[in-house]
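Comments concern the structure below.
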Amino acid sequence: HNHPRLGAKTLFATHYHELTALAETLPRVRNYHFAVAEEGGEVVFLRRLLPGGADRSYGIHVARLAGLPPAVTHRAEEILAELEGGGGARREGTPPRGPRRRRNNEEATQLALFGAPHPVVEELLALDLESLTPLDALNRLYALQQRARNGT
């Protein structure tokens with residue numbers, strides 16, 4: 001994206017709804033989703049590509065279609081219900097309802113895409129560079145580099 005002369009096109013599918021927000025800040029990013037209908041407790045994929053991000057995830061339904069064991073999809077439903085604040089599993093046979101995209105800065109129910117920063121990054125961000133001498137800065141940088149290489 002940041003090299004417009006390259007004109008590289010990338011297509012990806014994800015259930016991380018946070019990524020749809022990239023279209024608001026990156027001018028060449030576009031979101032599309034496939035139309036879905038819910039009929040009689042069933043989810044029907046309409047095979048029609050539409051502009052914009054999806055308003056919910058059908059990941060558990062897709063997992064069922066892919067043949068994942070019922071114990072796995074049931075546990076996923078329980079976790080989803082907890083994340084959505086429902087506290088329990090959905091009634092069997094009802095279509096899966098993934099986290100809806102949040103608007104107006106509502107609290108997101110989906111887990112964060114990126115975990116907590118590495119301790120070395122946290123320490124680097126906490127450094128007061130204006131108060132360090134060049135030699136002290138170089139020594140601190142060397143120590144942080146060693147810690148990053150050692151994974152500590």
Side-chain angles (χ1 to χ4, degrees), residues 1-36 43 45 47-90 95-152:
H1 179 276
N2 293 336
H3 298 284
R5 290 181 303 160
L6 296 178
K9 298 194 184 323
T10 303
L11 174 67
F12 68 92
T14 181
H15 288 102
Y16 285 111
H17 297 282
E18 295 130 325
L19 292 179
T20 60
L22 290 175
E24 297 169 14
T25 58
L26 299 173
R28 289 180 302 284
V29 170
R30 303 287 184 269
N31 290 313
Y32 291 89
H33 68 279
F34 283 100
V36 175
V43 174
F45 294 98
R47 296 185 175 93
R48 206 172 54 231
L49 189 64
L50 301 173
D55 65 350
R56 66 178 64 182
S57 170
Y58 292 95
I60 296 173
H61 182 77
V62 171
R64 265 195 216 99
L65 290 174
L68 265 68
V72 172
T73 56
H74 180 72
R75 179 64 181 134
E77 288 174 334
E78 290 173 350
I79 292 169
L80 180 60
E82 289 173 18
L83 290 172
E84 290 181 330
R90 287 184 299 101
R97 299 196 180 267
R100 292 186 178 270
R101 285 180 56 215
R102 302 296 177 170
R103 302 201 195 298
N104 301 329
N105 295 325
E106 291 179 44
E107 182 180 330
T109 59
Q110 183 167 336
L111 298 176
L113 176 59
F114 302 105
H118 190 281
V120 170
V121 173
E122 289 179 334
E123 189 173 332
L124 181 61
L125 292 171
L127 283 177
D128 181 9
L129 298 177
E130 294 178 12
S131 69
L132 296 175
T133 66
L135 182 58
D136 190 27
L138 187 58
N139 287 332
R140 299 285 286 279
L141 185 58
Y142 177 79
L144 288 170
Q145 185 182 54
Q146 292 305 108
R147 285 185 52 206
R149 283 185 177 152
N150 295 332
T152 58

Side-chain heavy atoms of Asp128 within contact of Leu132, under 4.5 Å
no
What distance separates Asn31 CG from Leu19 CG, expressed to the nearest 0.5 Å?
9.0 Å
Kindly assign one of parallel, tilted or perpendicular to the pair Phe45 and Tyr58, based on the angle between their ring planes and the thresholds 30° and 60°.
perpendicular
Can you sort out the partners of Arg28 under salt bridge (charged side-chain N to carboxylate O under 4.0 Å, His left out), two or more places apart, ordered by chain and number?
none
Atom OG1 of Thr73 and atom CD of Glu78: how far apart are they, to the nearest 0.5 Å?
10.0 Å
To the nearest 0.5 Å, tell me how far Arg64 CZ sits from His74 NE2.
10.5 Å
Under 3.5 Å donor-acceptor pairs involving side-chain atoms of residues 135-150, not counting sequence neighbours:
from   : atom 1 : to     : atom 2 : distance (Å)
Asn139 : ND2    : Leu135 : O      : 3.3
Arg147 : NH1    : Glu123 : OE1    : 2.3
Asn150 : ND2    : Gln146 : O      : 3.2

For Val29 versus Ala23, what's the shortest heavy-atom pair and its separation?
O-CB, 3.7 Å
Roughly how far apart are Leu127 CG and Glu122 CD, rounded to 0.5 Å?
12.5 Å
Quick one: does Tyr32's side chain get under 4.5 Å of Leu50's, heavy atoms only?
no
